Amino acid sequence: MLLLLTVFGVVLLGAFAQAVSGFGYALVTVPLLTVVVDPRAAVVLSALTGIGLTLVAAVRERAYARWRVAATLTGAALLGLPLGLLVLARAPERALSALIAVVVLGCVVLVWSGVRLRTGRAGLGAVGVLVGVLTAATGTNGPPLVAAFHSLGYDPRAFRATLAATFAGTGLMGMAGFAATGQLHLDVARTALVALPAVPLGWWLGNRLFRRIDPLLFRRIVLVGLLGSAGTALAGLAG
């Protein structure tokens with residue numbers, strides 16, 4: 001029961017943070033879930049509970065999405081997905097936990113710095129492959145897409161819609177990969193089912209707060225919190 005309540009709380013926090021700041025759901029949930037479950041289960045749980053957010057957003061914003069770019073990135077992600085699944089399945093738990101913490105730290109730095117990436121055909125292809133690897137190995141695949149879409153100069157509506165469309169495609173591919181490699185087992189599915197109501201609840205709470213707090217300030221608070229949690233995880237592994 002304590003495990004289920006903790007997972008519910010983590011998922012609630014992830015949905016809440018994303019609603020207020022627009023920040024990545026998986027970057028919040030995956031490192032926190034590794035505290036109470038093994039890292040493989042954390043990646044799959046985050047994917048299971050978060051897929052609804054991206055699918056709903058993709059459908060609602062479909063008229064504004066740059067579907068050709070989303071399709072290019074999703075197709076390239078398919079090339080990186082097998083490597084990510086191999087890392088998830090074969091890496092020792094301690095090494096996978098360290099990898100998740102390092103990726104979270106790197107993603108936070110990438111988002112905070114506002115770096116821009118090359119967005120030609122080759123550049124988008126490379127971003128897509130990286131997204132595929134991260135989707136399966138750590139579940140934290142958003143920051144490379146954020147950097148790419150900033151470089152493309154998308155307005156906020158197109159940015160959010162294309163991000164959701166890409167997340168929906170890569171999320172569904174990731175789920176299929178988890179099922180095919182035996183990572184999507186019954187215990188994880190049951191835990192995700194219990195935690196699933198936390199997603200709309202967290203989103204509703206976050207939307208209410210959105211009108212009362214500066215989203216930029218909250219985004220910075222989330223970034224600092226993620227730096228601390230990832231750094232603590234690495235220090236614990238080193239010890």
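Here the structure is a predicted model, which is why all the values come from computation and not from measurement.
For residues 175-197, no residue pair satisfies the side-chain hydrogen bond (donor to acceptor under 3.5 Å, both in side chains) rule, not counting sequence neighbours. Within the structure, side-chain hydrogen bond (donor to acceptor under 3.5 Å, both in side chains) pairs that include any residue of residues 54-63 comprise E61-R157, E61-R160 (at least two apart or interchain). Residue pairs satisfying the side-chain hydrogen bond (donor to acceptor under 3.5 Å, both in side chains) criterion with at least one member in residues 133-147, sequence neighbours excluded, are listed as follows: T135-N141, T138-T140.
Side-chain atoms of L73 and V131, non-hydrogen and from C-beta on, never get closer than 4.5 Å to each other. L32 places a side-chain heavy atom less than 4.5 Å from the side chain of L13. Here the side chains of L53 and V199 are in contact, with some heavy-atom distance below 4.5 Å. Side-chain contact between V194 and V7: absent, with no pair of heavy atoms (C-beta onward) separated by less than 4.5 Å. Contact of the F16 side chain with the V28 side chain is not registered, since no non-hydrogen atoms from C-beta on lie closer than 4.5 Å. Residues L55 and F167 are not in side-chain contact: their nearest non-hydrogen atoms beyond the backbone lie 4.5 Å or more apart.
Contacts of A57 classified as side chain to side chain contact (heavy atoms under 4.5 Å, CB included), with partners at least two apart in sequence or in another chain: A164. Listed by chain and number, the residues in a side chain to side chain contact (heavy atoms under 4.5 Å, CB included) with L184 are V44, L48, F178, A179 (sequence neighbours excluded). Annotation: side chain to side chain contact (heavy atoms under 4.5 Å, CB included) contacts of A91 (sequence neighbours excluded): V87, L96.
Cluster annotation: L78 is connected to L85 through the hydrophobic network of ILVMFWY side chains, with a link wherever side-chain heavy atoms come within less than 4.5 Å. Note: the hydrophobic cluster containing M175 also contains V37 (ILVMFWY, side chain heavy atoms under 4.5 Å, direct or indirect links). Connection of V127 to L79 is not established within any shared hydrophobic cluster, with ILVMFWY side chains joined at heavy-atom distances below 4.5 Å, either directly or through further cluster members. Residues V43 and L99 fall within the same hydrophobic cluster, defined by Ile, Leu, Val, Met, Phe, Trp and Tyr side chains chained together at heavy-atom separations under 4.5 Å.
Between the OG1 atom in T34 and the CD atom in E93 there is a gap of 11.0 Å [rounded to 0.5 Å]. Rounded to the nearest 0.5 Å, atoms CE (M173) and OG1 (T74) are 6.0 Å apart. Atoms CG and CG, from L4 and L193 in turn, are 10.5 Å apart once rounded to the nearest 0.5 Å. Distance check, rounded to the nearest 0.5 Å: OH of Y25 to OG1 of T29 gives 5.0 Å. Distance CG/L83 to CG/L88: 11.5 Å, rounded to 0.5 Å. Atom CZ of F8 sits about 11.5 Å away from atom OG1 of T49, to the nearest 0.5 Å.
Here the closest non-hydrogen pair linking A26 and G139 is CB-O, 3.0 Å. Here the closest heavy-atom approach between residue L3 and residue V36 is recorded as CD1-O, 3.7 Å. Listed here is the closest heavy atom pair of V11 and A198: CG1-CB, 3.8 Å. Across all their heavy atoms, G84 and A136 have their closest contact at C-CB, 3.5 Å. The shortest heavy-atom contact between L81 and G174 is CD1-CA, 4.2 Å. Smallest separation of non-hydrogen atoms from L130 and P144: CD2-CG, 3.9 Å.
A donor-acceptor contact closer than 3.5 angstrom is absent between the side chains of Y64 and T162.
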